[in-house]
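Before I ask anything, here is the structure I am working with.
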Amino acid sequence: MSAAPTAARARAVTFDAGQTLVELDTAMLSRRLAERGLDVEVAALEAAQAPAWRRYEQVVKDGGHEAPWQLFMRTLLEGAGVAADGATPLAAWLWGEQPTKNLWRRPIPGMFELAAELTARGVPVGILSNSEGKLAELIDEIGWSAPFRVIVDSGKLGVAKPDRAIFEHAARALGVATAEVVHIGDSRTADIDGARAAGMRAIWFGAAARERPEDGAEVAIAADAGAVRAALVRWGLA
Ligand SMILES: [Mg+2]
């Protein structure tokens, strides 16, 4: 994805939610599966995550949230040892539970703290997520609503990343131009390509970024909160 160099000063930050602020709570998932009579160990779920995320990445460009989500979950469950004919109905059940029992709720070390630090410095900060329409409730439930001026949830808006419309909506809600926003996220397709197409700078966060390093004037890579902060400092934001 190429885009013209961004001349505007960075003034605002958006965070993706899943695998950026909060990660899959594999212990909770193991407990949910136990409710359905399945014994799936946390370690097996952890080990199955990387290939399941690669599968997600292959389809997220097609748009929407439910289909990539269920494919991720089916791939994860099968990778953790659940039979294929059982994984499909389980993924559908978990999807239906997701608005009230969100499985992505384990804070990633340092990321909410970084959002709070930015807000304390007067930087407008938002969440920009492909979610199920109840993300604001989850963030409130886990006690981290305060730093965020806006929470943009694809399930409420009816448009999902990587569609540039959701990035433009987030920038408007933060009172800035897209060229003034740095977006932080873990999905190469949904977050990084989506943000760049909308004219934002981007920080590619997490393990996948480590596997495919790319660092330039408009895209930084960061494996942890400290590296995200360093990239924001480079752009005059932290
Ligand atoms: Mg994500």
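Here the structure is a predicted model, which means the values were calculated and not measured. Both ligands and their constituent atoms are indexed starting at 1 by order of listing.
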> Which is it for L21 and W144 under the side chain to side chain contact (heavy atoms under 4.5 Å, CB included) test, yes or no, and what are the steps along the way?
Replying inline: CA-CA 10 Å; L21 288 169; W144 276 109; over 6 Å; no
>> Distance alone, cut at 3.5 Å: any donor-acceptor contact between the side chains of E41 and S30?
In response: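 Side-chain D/A pair, E41 to S30: absent.
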> Leaving out waters, which are not shown anyway, how many protein N, O or S atoms lie closer than 2.8 Å to the Mg ion (ligand 1)?
Replying inline: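 Those protein atoms number 3 in total.
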> Just by distance, with hydrogens left out, do W104 and Q19 show a side-chain donor and acceptor under 3.5 Å apart?
Replying inline: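 Yes.
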> Looking only at atom types and distance, does a side-chain atom of T119 sit under 3.5 Å from a main-chain N or O of P147, one as donor and one as acceptor?
Replying inline: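 Side chain of T119 to backbone of P147: a pair is present.
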> Can you tell me if R188 uses its side chain to pair, donor with acceptor, with the backbone of I192 under 3.5 Å?
Replying inline: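 No.
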> Do you see a donor-acceptor pair shorter than 3.5 Å between the side chains of T26 and E46?
Replying inline: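 Yes, a side-chain donor-acceptor pair sits under 3.5 Å.
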